[in-house]
Amino acid sequence: MTEAAEPEALSSVFPHEPREPGVAGSGNPGSSRRSVTVGSVSVDQGQALRAVLDSLDVAVFGYDRNGRVILMNPAARALVEEVGEPTADDAVHTRMLLFDTAGRQMGGERHPAARALRGESVRHAEVCVRAADSPARVYLAQGGPVTGAGRLAAVLAFHDVTLLGRAKQLEDCVARVSAILGEPGPAGLIIATAVRTVGVMLGWAASEFWTVDRVGQVIQRRNRWQADGSHSAGLDRVGDLLKGVGLAGRAWQSRTPVWVTDLVTDPLTAAQTNWGPLRAALAVPIPSGSSVLGVLICYSDHHETPDDMRTAILTNIAVHLGEFLERRRADDSFIALEHSRDEYITLVGHELRTPLTSIQANAEMLHAEPGMPAGERQQMLEVIHRRAEELNRLVATLLDVAGTRAGHMSLHCRRIDLTEVVRAAAARDDPAAAIDLEAPEALPVHADPDRIRAAVDELLRNARTWAPKDSRISVTVRADQRTAVITVSNSGPPIPADQHARVFELFYRSDELRHGGIPGAGLGLTLARAIVEQHGGTLTLSEPDEHTTTFTIRLPRHAASQW
């Protein structure tokens, strides 16, 4: 459009008054003006209308009968310049490129301007305007045809409702994520669904869920959703992060949301990877009381301006995720407690009653027959002694488990060679089940050697129980800069999926062990995990569908004060 078009359009709103053409670029609406008196002041209607239009934050466009724009207020001009349409003096602007909410271009007869020029009244038409390298904005278009106004044939006003729509979108997303986190199912699958929902509903290019690894004192990505596969190349190269390092590490350290408006140039992320089409990101910590369980990160392929609304909503979602993780932990603990109670009844009924019955029976016979031959008397005393030792070991183990799980058992930690500890445990194992040991020459860690040895012994006993005859047990020791790892594997029958989560429960023994006459009280693996956790580590079991059954110990290599 030309500069002359706009003032001419304003004066032509009043066609019944004689007028002369305005001077291009002068802002003069003509030599003849229509005025009205307001109080004692005479007001030119053209100037008044211009003042009103200039004061509006609503973009107003006026069209001639050919669909050319002949009127724009400052808000309209700013909108046109934002989307990259020409606004120079020699440019003729026809119809701004619009899209519907489904992303389809509104061309031809669907364009609101075309509808208004056909004589339709346009009311609350929701349209999207796409600016270069910025998120789409949503407007409500309203207007219609104009009669008796000279060249002006139609007027449309575009009201920016992006924030209102975003608020509704954010509210719906929070409700949906909350519903997902309340559904039954595996925690990993539920978290993955929630992460995807956040990305899809809020229009992010990618979203990720990171968790804090307390053993290695790093934060690790556990789940990712992305709208476009082209985003994965750069994200794949972002590995585990230390506290304060990178986007996830900074959110973990600060415990507050972190916006990065330019991933390529921001010092926090510039060196992490080649971000490709990704432009900006928001990282929000997932809280648990005063600590951080993980971080939720959302990426955008547009330049973003940080805003309090999205920050607050994603912080709310992160709180829901933290509550979900804590609730699952509490539920697991409650289920384990219920199972332990049942297993305890079994333990009292069998593991305790059997030796007690034997002791009582032999003691009664000794009491009833004081003249019993010395040989028989000695045999009964040996049975009583052996059964009493069994009870003593069982009670000692129970106390050990209880004390270790409660943190009441002291650790005597020092710098030790983990390879030496594991090698000694493997050397004393049953020669009937051969062991393949793979370990570095030496691996220094800060730990209690006796307690770690007890945990490894228990894993080897368990592997020996289940390993097929003539098979080999595999033991590996390895490490990185911050963690040491011990694995014990056997090729015996896999642990059924329904028993998988219970192997570390207090007193738990599978049906195969109970009915197969294999002695035990279901305390060994519980004690092993308690020992490892007291060292700040983890003891986990491989998935049921894997070819071998593998127990994995992860230990921090250094004392907590050295982190």
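Below, all heavy atoms of this structure are taken into account, side chains as well, without hydrogens, waters or symmetry copies.
- Between Leu460 and Val488 the shortest side-chain heavy-atom distance falls below 4.5 Å.
- Residues Val177 and Thr193 form no side-chain contact, since every pair of their non-hydrogen atoms from C-beta on lies 4.5 Å or further apart.
- When side chains are defined from C-beta on, Ile313 counts as touching Val174, because their heavy atoms get closer than 4.5 Å.
- In terms of heavy atoms, Phe209 sits closest to Ile191 at CD2-CG2, 3.5 Å.
- Under the 4.5 Å side-chain criterion, counting only non-hydrogen atoms from C-beta, Arg478 is not in contact with Pro440.
- The shortest distance between side-chain heavy atoms of Val485 and Thr552 falls below 4.5 Å.
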Candidate pair Leu181 and Glu323, rule side chain to side chain contact (heavy atoms under 4.5 Å, CB included), full reasoning: CA-CA 9 Å; Leu181 296 178; Glu323 291 173 347; over 6 Å; no
Arg482/Gln217 under side chain to side chain contact (heavy atoms under 4.5 Å, CB included): CA gap, chis, key distance, verdict: CA-CA 8 Å; Arg482 305 180 70 82; Gln217 286 295 294; 3.6 Å; yes
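- No side-chain donor-acceptor contact under 3.5 Å links Arg415 to the backbone of Ala447.
- Between the OG1 atom of Thr419 and the CG atom of Leu437 there is a distance of 8.0 Å, given to the nearest 0.5 Å.
- For the residue pair Thr311 / Trp259, a side-chain donor-acceptor distance below 3.5 Å is found, with atom types taken as modelled.
- Counting heavy atoms from C-beta on, the side chains of His367 and Glu364 never come closer than 4.5 Å.
- Between the side chains of Tyr299 and Glu208, a donor-acceptor pair is found at a separation under 3.5 Å.
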With side chain to side chain donor-acceptor pair (under 3.5 Å) as the test, would you mind laying out the steps for Ser489 and Ser474 before giving the verdict? CA-CA 5 Å; Ser489 304; Ser474 174; 5.0 Å; no
Walk me through it: do Thr256 and Ser254 pass the test side chain to side chain donor-acceptor pair (under 3.5 Å)? CA-CA 5 Å; Thr256 58; Ser254 67; 3.1 Å; yes
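- At least one side-chain heavy atom of Ile553 sits under 4.5 Å from a side-chain heavy atom of Leu555.
- In this structure, CG in Leu202 is found 6.0 Å from CG in Leu314, a value given to the nearest 0.5 Å.
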Evaluate Arg224 against Asp236 for salt bridge (charged side-chain N to carboxylate O under 4.0 Å, His left out), listing each step before the verdict. CA-CA 10 Å; Arg224 180 205 300 158; Asp236 285 341; 2.8 Å; yes
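- The residues Asp213 and Arg554 are annotated as salt-bridged, a charged nitrogen and a carboxylate oxygen being separated by less than 4.0 angstrom.
- Here the closest heavy-atom approach between residue Pro285 and residue Ala251 is recorded as CB-O, 3.8 Å.
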Residue pair Val295, Ile286: steps toward the side chain to side chain contact (heavy atoms under 4.5 Å, CB included) verdict: CA-CA 5 Å; Val295 172; Ile286 298 170; 5.7 Å; no
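- Within a 6.0 Å radius of CD in Gln481, other residues, nucleotides and ligands contribute 12 heavy atoms or fewer.
- Across Val195 and Ser207, no two heavy atoms sit closer than the pair O-OG, 2.8 Å.
- A distance-only check finds no donor-acceptor pair linking the side chain of Arg279 to the backbone of Asp301 [under 3.5 Å].
- Residues Thr305 and Thr261 are not in side-chain contact: their nearest non-hydrogen atoms beyond the backbone lie 4.5 Å or more apart.
- Side-chain atoms of Arg237 never come within 3.5 Å of backbone atoms of Gln272 as a donor-acceptor pair (strictly under, hydrogens ignored).
- Side-chain atoms of Thr211 and Arg222 form a donor-acceptor pair, as typed in the model, at a separation below 3.5 Å.
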Thr265 and Asp262: CA distance, side-chain angles, deciding distance, side chain to side chain donor-acceptor pair (under 3.5 Å) verdict: CA-CA 6 Å; Thr265 62; Asp262 192 333; 3.3 Å; yes
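- If you run side chain to side chain contact (heavy atoms under 4.5 Å, CB included) between Ser358 and each of Arg386, Met380, Arg387, only Arg387 comes through.
- Taking CD1 of Ile384 as the reference point, atom CG of Asn362 lies at 5.0 Å (rounded to 0.5 Å).
- A salt bridge links Asp436 with Arg472: the distance from a Lys NZ or Arg NE/NH1/NH2 to an Asp or Glu carboxylate oxygen falls below 4.0 Å.
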Go through the steps to decide whether Val200 and Trp225 satisfy the test side chain to side chain contact (heavy atoms under 4.5 Å, CB included), and finish with yes or no. CA-CA 9 Å; Val200 171; Trp225 169 86; 3.5 Å; yes
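- A salt bridge links Glu304 to Arg310: one of the charged nitrogens lies within less than 4.0 Å of a carboxylate oxygen.
- Of the N and O atoms on the side chains of Thr483 and Asp480, at least one donor lies less than 3.5 Å from an acceptor on the other residue.
- Here the closest non-hydrogen pair linking His535 and Asp448 is NE2-N, 3.0 Å.
- Here the side chain of Ser300 pairs a donor or acceptor atom with the backbone of His302 at under 3.5 angstrom.
- Taking CG from Asn462 and CG from Asn490, the interatomic distance works out to 7.0 Å, rounded to the nearest 0.5 Å.
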Residues Thr476, Thr487; criterion side chain to side chain donor-acceptor pair (under 3.5 Å); working and verdict: CA-CA 5 Å; Thr476 66; Thr487 64; 2.3 Å; yes
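- Put simply, CG on Leu235 and CZ on Arg221 are 6.0 Å apart, with the number rounded to the nearest 0.5 Å.
- Taking the charged nitrogens against the carboxylate oxygens, Arg423 and Asp417 have no contact shorter than 4.0 Å, which rules out a salt bridge.
- Distance check: Leu247 CG to Leu263 CG gives 7.5 Å after rounding to the nearest 0.5 Å.
- Within the 3.5 Å criterion, the main-chain N or O of Pro468 finds a donor-acceptor partner in the side chain of Ser471.
- A donor-acceptor pair under 3.5 Å is absent between the side-chain atoms of Arg214 and the main chain of Thr538, judged by distance alone.
- Of all heavy-atom pairs between Gly244 and Gln253, the closest is CA-OE1, 3.6 Å.
- Remark: side-chain polar atoms of Trp204 are not paired, donor with acceptor, to backbone N or O of Leu282 under 3.5 angstrom.
- Looking at Asp457 and Arg453, a side-chain N of the basic residue comes within less than 4.0 Å of a carboxylate O on the acidic one, giving a salt bridge.
- For the pair Leu539 and Arg529, the tightest heavy-atom approach, listed with the atom from each and the gap, is O-NH2, 2.9 Å.
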